[in-house]
Every structure is written in C-alpha cells, then in structure tokens.
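Only one structure is covered here, and it is reproduced in the block below.
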Amino acid sequence: MKFALAGNPNSGKTTLFNALTGSTAHVGNWPGVTVDKKEGVYKKLSEKIDIVDLPGIYSLSPYSPEEVVSRNFLLNEKPDLIINIIDATNLERNLYLTTQLLELDTPIVIALNMIDSVEKNGDAINALELEEKLGAPVIEISALKQRGIHKLMERAYQEAKKSRVGESVFEGTKYQNLFFEIKKLYENEGVDNICFHTVKMFEGDQIEKEKYPDIACVADKIKDSIDTGDFEGDFEGIVADLRYKKIIKDYATAYKRSKPKEAMTRSDKIDKVLTHRVFAIPMFLLIMFAVFHLTFSEDFLYLGAIGIIPKGSFSLPVIGEDAIPSPGVLLYNCIEELTTLIGNALYSSLPKGAWYTSLLVDGLFSGLSSVLSFIPQIMVLFLFLTILEDSGYMARVAFIMDRAGRKFGLSGRSFMPLIMCFGCAVPGIMATRTLENEAERRRTVMLTPFFSCGAKLPIWAAFGGVFAQAFSVINAEAVVYGMYILGIAVAIIAAMILNKTLVKGDMPPFIMELPAYHAPQFKNLVLHLWDKLKHYLARAATVIAGSVVVIWFLTSFNFSWQMVDDPSDSIIGNIGKFISFIFVPLGFGMGENGWKFVVAAFTGLIAKEMVVASIGTFSGMDGGTALETDGSELLGTPMAALMLGIGGVIGGLDVSIPAMLSFLAFNLLSVPCMAAVASANAELGDKKSLIIAIIFWLATSYTMSLVIFWVGAFFVWNWWAALITVLGIAAILITLAALSAKGLLKTRKIKKETKAGKSEECVKEGL
Amino acid sequence: MEKLLSDFKCGEKGTVKKLNAEGKIRRRLFDMGVTPQAEILLKKFAPLGDPIEVNLRGYALTLRRSEAECVLMEVAE
C-alpha cells in the first residue's frame, strides 16, 4: 500500500516522515524544507507501507511548482490514503489545506501534530469533535516525541481499506445549486475525484480548464448567470472564503484556548529582541560572527588579545599559547595531534625509498590527513547553522534582510539558501527550489559559490596559518574572515550586475509564514551531524582518496611510465606547466612551483578539499621527510615551504603574499565542486543556463584574482603610492555612487507623487 | 473606516474588507488566510521599514508593504 504525507510547510511533515521510515531526511524550521517528494517504508504493520513525503503546500492551486507536484501526485498516482499532517498550534490555517484534500475520493486521516505544544500552552483540542465534523479520523500525535505514531498508522491502515467519496464546503451555501450543476457535467464524463474537479472548475483553475475545455465552456456560462455580490465574479475568492467560513464555524471550535488569542507567545518574546527595529541587524551580524568565531578562532572571546589571560601564562600542546582556542580549533588541534602521531608511526615502520612508502605516506596520507584534520571545524560550523535553521531563525533573517536584499535584486527568501551555502553549497542550491520566481532562483544559484563553504575553510585556514607565522603582517583569523567578507562583497556586486544583465526579472512577491521558534532537538541535531559526517568521511574515502592516488601517480611518473625524482618532469608537471601560463597574470601561476598551485586549483573542481590535499601530496613528494616535525610548528614542514613558495619575484621583490591572496580568491569565487555543479545543473534546468553560470564563475574569479594580485604587487612595490591610488579610485567610486543615489532619490520622489493612484494600479498590473 | 493594510501603524487592528490584487498574489493571500472578515493585527515593521509582520488566525505572517497595499481593511473608529 502507498500512503501520501501531505501538509503545510513547517507542519512537522519531515519529522513525521523520519519517525515513520527511520530515515534521517533533513528537518528545518522554515517553510519549504522538503523541496522534492521523498519515499520511505513503514514496517511495523502486517503489510509494508510505502510512505511518500510530498512538498509542503498551503493549497492545491496551480501557481507554484510544489503545489503542482503534489496535486499531480494525488490525482494521477492515486495513493491508497492521504495522511494530512496538521500543526495543531495553527489549526485554522492548516485546516485550509484539509478542506481541499477532503474533496478527493482518496481515504484520509488527519494527524494532529505538535499536540504536546498545545498542551504546554494550557490549551486543548477536542479531537473527537473535530473527527465528527470533518468526517475523517483525527489522531493526536507528536512527531518529535514519537507519540501516537503507531496508533496513527493503525487507524490509517484500517481507513485505507474503506472507500471514500470527496466532500466539499459547498453544501448548505448559496452556491450549492451552481456547484451541483457543474458536478453533473463531470458525472456525464465519468471521471474520478468529481468533487475536486468541480471545485477547481468553479474556481476557474487554469490547469482544469485546459484539461476539460468543453466543461469549462458550459461552466463559464452557468457561472456568468450568478450574482457574486462583493466578490465581483472572483470565484477563487468565493471558494477561499467558503473554506475559511466553514473552518471557523465548524472546526476551529474544537480548539479550547486557555488564554486570549492575542496573548504574548514565547516566540513574540524572543522576537522582541531578534527582530527588533534597531537591534535586529546588529544581532544578525553578531550571530553570524559568533558562529564563525566559535568555529575557527584561535583566541576564544579574544581572552588572550584583550589581556584577561596575561602573556606568558601557559603554553600547552593542543590548547596553545596564552589563549584558549574556540571549540572548533580545539577539536582541530586534537585531530591534528592524532594524525601526526599516526603519520610518524606509519613513516618509521615502512621501508624508506620504496614506491609504496611514497604512495602511502607522501601521497595518500599527506593528502588525506590535511583534509581529515578539518572535519571537526566543518562539523562545528554545520552544528551552528543547523541550530539556526532548526530554531526558526532563518525565516526571521528573510524578514530582516528582505529590504536590503531587494536593492540587489534578491528577496529575503534567497538569504536562507545562501546562508546554508556557508555549510555546503549542495543543500543550499537545492533549497533555492523554494524560490518561486525563476529569475530569482537562477540569480541565487549563480551566487552560491561566493558563500564560502565548509570544504573551502581548510584552504583559508592552512594558508592563513602558514603566512601568519612567516610574516607578522598577516593574522590567520583575519585571512579567514577576509575570505568570507570578500565572498559576500563579490556576491552583492554580482547580484546587482546579474539583475541588470544576464538574469533580468521582476521582484517576486514576499508573503511568508514566520514559524514559531522551537528549541533545537538534540536527537535531531545529532542525527543530522552524523549524516553529514558519514557523507564527508565517505567522500574522503572515495572521491578524495581516489583523486589523491591519481594525483600521486601522475606526479610520480612521466609520460613513458617511469618514476621520476623531480615532480616537474612528471605527467601532471608537464600538463601543469603547459597550462600554467594562463595563471601567470594572477601571480600564483608564476615561478617554478606555479604549476602545482594551478593543478591544485583544478583539482578543487572535483572537491574543494582537494586543493589542500593536492598541496599536501605535492609537498610530501618534495620533502620526502614530510612528517618528521612534531606538528605543533607549522613552519619548516614541506607543506608550509611549498605554500610560502607561491608566486615569484617581480622587479626584485617577493610577491608571495599577493599571489597567495589571489590564489585564495580564485578558489573562493571559481566554479564550485562537481557535486555543486551537478545540483546547479538540476536547479537551473537547462544546459545553456549552466554554461552561462560556469563562464560567469570563471570570469568573476579570474578578474577578481587579477585585480587582487596586481593591487597587492603594487603595494609590495611601493605601498604609499599604492595607497594613494587605491584611495583615489575609492573616492571616485564613492562620488559616482553618491551621484547615482541622488538620481535614485529623484525618481523615488516622482514615484511618491504618483502613489495616490497606486491601489488601482495594483489591480491593473495584476502585480 | 476604510484603510489600506500598508497604512496601518504598529499595534493597529482591523478586519479585511477586500483584496485589490489579482492572480498569484491574490491567491497566495487567500491561501495564507487573508480573506474577507479575517482579523489582522499589525505587529511590527522590519528594521528597514519593510516588510511588515502581521498576526492573523493565530499565526505570524510577513509580507511587503507593496503587497499590503492590496489589502483594503475596515477599522473600528
């Protein structure tokens, strides 16, 4: 048997799906987490039940892709039963969809979810009363606490064996006769789900009219004959009104409130701070900063820097010197100690000079350990982003940032997928499906690589760390933050440009539910992190390990399949040297090691973890004695030596810092990993858009790296002349921006004057 | 007294009289419960003045002022 799970966005559908099928599909607390239908199996009944999780929808109208997917599934695939999940704390609005599902002939049970929250508020719902009025079983459940779930399935199983005929909200209203007249037209056709079709035809639904043009013709004539009063022939409005009237009169009475409707809820109290008129944006920035600080700060709460921990207090392994690292760094240090231990043991136990020692230690171990060490930090970042999402804060971000984003052609809703990209671009890109507007969705997908994902973090941290130790002018943390800020700045400019050029389009409407805050569920978090960890480890063991071996092989052998001593004579060395001229203008392609960075950047297209892994492998081959240092000191390792060897010498001056920054910028802004490109391909829909996106990413990264390198080189050559030039250009840009803002002000004034006629315009343009 | 939802002040309350929108926006507003006679309370403005947060049917909804302009309200004097 096949059961479909349908309900409003954010009603706990995915949680129930996970509870039923034991899967760990991702749960979030903002509308639209399930963007595709998922399938699973419930095994605890005498028969196995296939469960299909449909995307969250508010109605079965033909306007959004999710609604059409759900509607087609329910009508064409004919599940044996619909489980309609309802957020019991938001009964009125959730029952609106129920009134539409009841029109189908499919048996239905109603899962009254979050009943524990209702009880916690001191309220109650008379489920029996509701069941009687709806004419369908109502079962109180809590998907989160796994309460009532088996009972739900048992009732559903019984119900699925019965047959059912759809019911509408029209009975007993003044449109009843009209409804029956249209219904008769369908009866002659002999179709299923007559009630549903009749209501859709009454509404004048586009999909329905195209499917039954003859009935539409007759129905329109019947509809014309009736006086619709205030609704002025708006049949969609009439139906929506009938639904809500019925809900209020018959169903909502089952909800017994202990407090008046307007009483302050817990969410209201939290929102007093988080969406406060003045504090909201600073709070948002502070929260984002805190997430990153906890993930990769070497100096937690800056206790060391501001002198709470005096200089010279301690110097400990793992913890460090005169500062307590943030949880992310602490875990990183632990893993790094461990990998160094294993590496040294491995190195000393294998015979020196053998080819397999080279493969295992220089190739596989150097490559993989540089990736695996960063897993804790990536997990910590994911943990915080998941908490933000689970709690319901992401929806507030959309509310806070919508106005600011609109200036760049993005609605508040596109902030949610973009922030998710800080974790991983793949779920971020998939989440863009919740954006209804095609142009906005494409713009958002094209911006995703600029939001530095977890797999890129090792690149910033490794280079930042090495350069900070080698040159006192650079701070490792500043490099990491700098990359995030650079990404955001480029995203803003790119969004403005895209909006005006490649992907033009109007601003879509922004009408969105702000879900109640939930405390993140510990079990949920653990499951999600475990899922991510498994995925990451699997990737390290397969794609990355495989690629590392291939890179090692290509670096160790030449075209005539002989092992080489100098990697630059190898296969990849020759290829790298051949193409590296393209990257010479960007700085990091220069010098004798240039080709290694070029190859590293290219391997980043497979997976971003590969950038550091490749550099690890290359340096392992260089040094031979790769892992004999104790690990606490970065400098002096072959990997650090290789990193510091980036760039070359221009006019007698070392340009390694500008070349390093240019290399980081290139990796940040360029084409994301293969997995992300595949997701982008799925979301963009056609090959042409994907090719445009890839060219756009390459062009952006190449241009930005070029600018960064040459501005940087100019600074190295003559810093004060560079400063004057940069300030001069900035002054010109600011003046231009100010002038264009003035122009904008003028047009806004004109708009204000014509505002009087705006409400009529609304109707005319259909907005 | 008639008034557009976009002209509401913080804490102001009224009932929906009519929607001056068409197509997708109209439908979306209906689906979210903004139907004639629904009670709406304007809860707050976003930090940059737009969008707005309203309370209706026991839940919180956010929409832009340009969309609120399409909602004609009846306010008790």
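Convention: sequence-line order gives letters A, B, ...; per-chain numbering from 1.
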Could you look at [X] and say if it's the side chain, the backbone, both or neither that has a heavy atom under 4.5 Å from chain B?
X: Arg243(A); answer: neither
X: Ala252(A); answer: neither
X: Phe510(A); answer: both
X: Ser411(A); answer: both
X: Leu97(A); answer: neither
X: Asp271(A); answer: both
X: Glu67(A); answer: side chain

Item to complete: Report yes or no: does Glu92(A) contribute a side-chain atom to a donor-acceptor pair with the main-chain N or O of Gly58(B) at less than 3.5 Å?
Response: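 Here the side-chain-to-backbone pair does not exist.
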Worksheet item: Would you find a donor on one side and an acceptor on the other, under 3.5 Å apart, between the side chain of Arg277(A) and the backbone of Ala46(B)?
Response: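 Yes, Arg277(A) side chain to Ala46(B) backbone: donor-acceptor pair under 3.5 Å.
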Heavy-atom pair of closest approach, residues [X] and [Y]:
X: Pro51(B); Y: Phe399(A); answer: CD-O, 3.4 Å
X: Leu63(B); Y: Ile511(A); answer: CB-CG1, 4.2 Å
X: Ser61(A); Y: Asp31(B); answer: OG-OD2, 4.1 Å
X: Asp50(B); Y: Arg403(A); answer: O-CB, 3.4 Å
X: Thr35(B); Y: Ala240(A); answer: CG2-CB, 4.1 Å

Discussion item. Is it the case that over 12 heavy atoms from other parts of the model lie below 6.0 angstrom from the NZ atom of Lys3(B)?
Written reply: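 Yes - once you tally the heavy atoms of other residues, nucleotides and ligands closer than 6.0 Å, there are more than 12.
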Worksheet item: Counting only heavy atoms not in Lys256(A), do more than 12 fall under 6.0 Å of its NZ?
Response: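 Check passes, neighbour count above 12.
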Toward chain A, the part of [X] with a non-hydrogen atom under 4.5 Å:
X: Lys43(B); value: side chain
X: Gln37(B); value: side chain
X: Leu72(B); value: neither

Hey, does [Y] have a side-chain heavy atom less than 4.5 Å from the side chain of [X]?
X: Arg26(B); Y: Glu236(A); result: no
X: Arg406(A); Y: Arg64(B); result: yes
X: Leu514(A); Y: Glu53(B); result: yes

Worksheet item: Got a second to check how far Phe30(B)'s CZ is from Ile238(A)'s CD1, nearest 0.5 Å?
Response: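 So the CZ of Phe30(B) and the CD1 of Ile238(A) are separated by 9.5 Å.
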Worksheet item: If you round to the nearest 0.5 Å, how far is OG1 of Thr275(A) from CZ of Phe45(B)?
Response: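 Separation between the atoms: 13.0 Å.
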Worksheet item: Would you call Arg27(B)-Glu203(A) a salt bridge at under 4.0 Å N-O?
Response: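 Answer for the salt bridge query: yes.
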For the interface with chain B, which of [options] has the highest count of heavy-atom pairs at distances below 4.5 Å?
options: Ala280(A), Gly237(A), Ala404(A); value: Gly237(A)
options: Arg93(A), Lys245(A), His276(A); value: Arg93(A)
options: Asp234(A), Ile247(A), Val239(A); value: Asp234(A)

Worksheet entry | Ring-face cation contact, Tyr244(A) with Arg57(B), 6.0 Å cut, 45° max |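 Verdict for Tyr244(A): a cation-pi partner in Arg57(B).
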Worksheet item: Taking every heavy-atom pair that is under 4.5 Å apart, which of Gly49(B), Ser6(B), Ala38(B) has the most such pairs with chain A?
Response: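 Heavy-atom pair counts peak at Gly49(B).
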